[in-house]
A.B. asks: 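Encoded as structure tokens, here's the structure I'll be asking about.
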Amino acid sequence: MTETSQRPLRVLAAMSGGVDSAVAAARAAEAGHDVTGVHLALSANPQSFRTGARGCCTIEDSRDARRAADVIGIPFYVWDLAERFREDVVDDFIAEYEAGRTPNPCLRCNEKIKFAALLDKALALGFDAVCTGHYATVVLNEDGSRELHRASDMAKDQSYVLGVLDEKQLAHAMFPLGDTLTTKDEIRAEAERRGLAVAKKPDSHDICFIADGDTQGFLASRLGTAEGDIVDESGTKVGTHEGAFGFTIGQRKGLRIGHPAPDGKPRYVLDISPVNNTVTVGPVESLDVTALTAIRPRWCGNAPAGPGTYTAQLRAHGGETEVTAELVDGTLNVSFTEPVRGVAPGQAVVLYDGTRVVGSATIATTVRRSEAGAAAG
């Protein structure tokens, strides 16, 4: 059974100023819970207004959240977590790119901010649970244990970015939108019926602390520029760049290579080496990954014992792929049934058993099909 069927709780609803979190708070209050709204001020210098659907954490967002709380009829506060957010999410994001990895700041925010800093403070103040507008489901088993499952609507499922939550955190998590089969248009219609002015507010996307969407510009302003070589798989120089941190594995656009490959086919980023500031490019077939290792595993319940067969998701909006996985001395070894592409160190691999989220780990290394073939030969 889901958490929404349980006794009334003291709930702290994280309200971003968007439609999802507003409807989630309204549903929690309607279910009989004692709800208090809180907006997290995550920017030290918030803008007055957001730019279309980009960014968040503006003064406008705070006001939108406050107005929604007033309509729902719940108390509302603004909590300043900007310093913690900068240290745990923004600085981590910059450091990961500087090291040649591709991080997911949404996972880090859920792990370190919404279900660590926020949840710890909520529990200290006597709240039972933190409520968010994520599309996922917490299931309470008869033995009292909890499981994280995908949302009822796979098109909106956000369990990937919640795969960092452990069972203790799940015990205090509430996702009122996760177990209802409603489209986003229906969520907006519900918000309008409830009199919530955010009903027509555009969704935020991209990275919330990079409001203009220019990740490379953001990183360059903090890491500076450092010209380096773009080389092919043989090591031949084919171009230059202004900072290896501006690239991700699998990237095709924006390489600015002066001449085409000998076969005329597009080239993709295969490897990023921060040590010598070199970016390696090659054909799309060279992106095929057959296995990976992942570190810092976090389990949504007990850690799996022995090797097992699962499905894995490698990106927030990616599909599932069948894998075998085993935890060995704290490192998760994953092998793919079929090769996959666009896998980069720093990303998260999230394992699923059906709709249940088993856990998440950070990709450390990958094995490409060409490398595996060479080793076998």
Side-chain angles (χ1 to χ4, degrees), residues 2-4 6 9-16 18 20-21 24-25 28 33 35-42 56-57 65 77-93 103-140 145-151 157-179 204 207-209 296-303 313 316 348 350-352 356-362:
T2 62
E3 289 291 326
T4 52
Q6 299 305 294
L9 304 171
R10 285 196 69 205
V11 175
L12 188 67
M15 301 181 71
S16 66
D20 289 332
S21 61
H33 299 298
V35 180
T36 296
V38 62
H39 178 78
L40 303 182
L42 301 178
C56 68
C57 309
Y77 300 92
V78 176
W79 287 358
D80 182 0
L81 292 178
E83 183 175 351
R84 179 76 180 264
F85 182 77
R86 177 184 58 78
E87 293 174 354
D88 288 344
V89 180
V90 180
D91 288 354
D92 174 80
F93 177 84
N104 186 312
C106 293
L107 273 85
R108 198 64 63 238
C109 183
N110 286 327
E111 176 187 357
K112 299 291 188 178
I113 304 300
K114 292 175 183 173
F115 293 95
L118 176 62
L119 179 57
D120 289 348
K121 191 171 182 178
L123 294 176
L125 291 172
F127 288 93
D128 299 303
V130 166
C131 163
T132 73
H134 287 100
Y135 289 87
T137 305
V138 177
V139 173
L140 178 63
S145 63
R146 287 169 175 80
E147 297 176 350
L148 178 64
H149 283 253
R150 289 192 181 278
D157 175 64
Q158 293 176 303
S159 60
Y160 174 84
V161 296
L162 297 170
V164 290
L165 304 185
D166 60 29
E167 189 175 352
K168 181 180 177 181
Q169 291 169 320
L170 291 176
H172 301 285
M174 181 181 290
F175 308 119
L177 306 187
D179 59 356
S204 61
I207 300 168
C208 70
F209 52 86
R296 297 193 298 274
R298 291 179 63 86
W299 306 109
C300 302
N302 295 326
Q313 188 171 329
V350 178
L351 300 181
Y352 292 83
R356 180 175 70 87
V357 183
V358 178
S360 171
T362 302

A.B. asks: Of all residues at least two apart in sequence or in a different chain, which pass the side chain to side chain donor-acceptor pair (under 3.5 Å) check with R296?
C.D. replies: none
A.B. asks: For F93, check ring-ring contact (aromatic ring centres under 6.0 Å, His included) against everything at least two apart and list the hits.
C.D. replies: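 With sequence neighbours excluded, F93 shows a ring-ring contact (aromatic ring centres under 6.0 Å, His included) to Y97, F209, given in chain and number order.
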A.B. asks: Have a look at D157 and tell me which of Q313, R150, H134 forms a side-chain hydrogen bond (donor to acceptor under 3.5 Å, both in side chains) with it.
C.D. replies: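 The passing option is R150.
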A.B. asks: Rounded to the nearest 0.5 Å, what's the gap from CG on L40 to OG on S16? Could you check?
C.D. replies: 9.0 Å
A.B. asks: Picking from V357, V138, V139, what satisfies side-chain contact (heavy atoms from CB on, under 4.5 Å) with H149?
C.D. replies: V139
A.B. asks: I'd like a table of donor-acceptor pairs (distance under 3.5 Å, sequence neighbours excluded) in which one partner is a side-chain atom from residues 111-129, with atom names and distances.
C.D. replies:
from, atom 1, to, atom 2, distance (Å)
E111, OE1, R108, NH1, 2.7
D128, OD2, R10, N, 2.8

A.B. asks: Testing the basics here: between S159 and L148, what is the closest heavy-atom pair and its distance to 0.1 Å?
C.D. replies: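 For S159 versus L148, the nearest heavy atoms are O-CD2, 4.4 Å.
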A.B. asks: Using modelled atom types only, decide if a donor and an acceptor are shared between the side chain of T137 and the backbone of G178 within a distance under 3.5 Å.
C.D. replies: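 The answer is yes, because a donor-acceptor pair under 3.5 Å joins these two groups.
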A.B. asks: If you compare all heavy atoms of L162 against all heavy atoms of A136, which two are closest, and at what distance to 0.1 Å?
C.D. replies: CD1-CB, 3.5 Å
A.B. asks: Any chance you could measure H172, atom NE2, to L12, atom CG, to the nearest 0.5 Å?
C.D. replies: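 Reported to 0.5 Å precision, the distance equals 13.0 Å.
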A.B. asks: Using only atom types and a distance under 3.5 Å, with no angle test, would you say the side chain of H39 pairs donor to acceptor with the backbone of V78?
C.D. replies: no
A.B. asks: Y160: what forms a side chain to side chain donor-acceptor pair (under 3.5 Å) with it, not counting sequence neighbours?
C.D. replies: none
A.B. asks: List for me each residue that meets side chain to side chain donor-acceptor pair (under 3.5 Å) alongside D91, sequence neighbours excluded, and say none if there are none.
C.D. replies: R86
A.B. asks: Heavy atoms only: give me the nearest C131-A28 pair and the separation to one decimal.
C.D. replies: SG-CB, 4.3 Å
A.B. asks: Return the CD to CZ distance between E167 and R146, rounded to the nearest 0.5 Å.
C.D. replies: 7.5 Å
A.B. asks: For Q169, enumerate each residue passing the side chain to side chain donor-acceptor pair (under 3.5 Å) test, keeping only those at least two apart in sequence or located in another chain.
C.D. replies: R298
A.B. asks: Please test L107 against S360 for side-chain contact (heavy atoms from CB on, under 4.5 Å), starting from the C-alpha separation and ending with a verdict.
C.D. replies: CA-CA 10 Å; L107 273 85; S360 171; 4.0 Å; yes
A.B. asks: Testing the basics here: between D20 and Y135, what is the closest heavy-atom pair and its distance to 0.1 Å?
C.D. replies: OD1-OH, 2.8 Å
A.B. asks: Do V358 and Y352 have side-chain heavy atoms sitting under 4.5 Å apart?
C.D. replies: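 Result no, sub-4.5 Å side-chain heavy-atom pair not found.
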A.B. asks: Would you say that F175 contacts T132 through its side chain, given a criterion of any heavy-atom pair below 4.5 Å between the two side chains?
C.D. replies: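 Contact flag for F175/T132 side chains = yes.
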A.B. asks: Should C300 and L170 count as side-chain neighbours, where that means a heavy-atom distance under 4.5 Å?
C.D. replies: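 Of all side-chain heavy-atom pairs linking L170 with C300, at least one is under 4.5 Å.
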A.B. asks: Between V161, N110, V89, which is the residue that forms a side-chain contact (heavy atoms from CB on, under 4.5 Å) with P105?
C.D. replies: V89
A.B. asks: What pair of heavy atoms forms the shortest contact from G359 to W299, and how long is it?
C.D. replies: CA-CE3, 3.8 Å
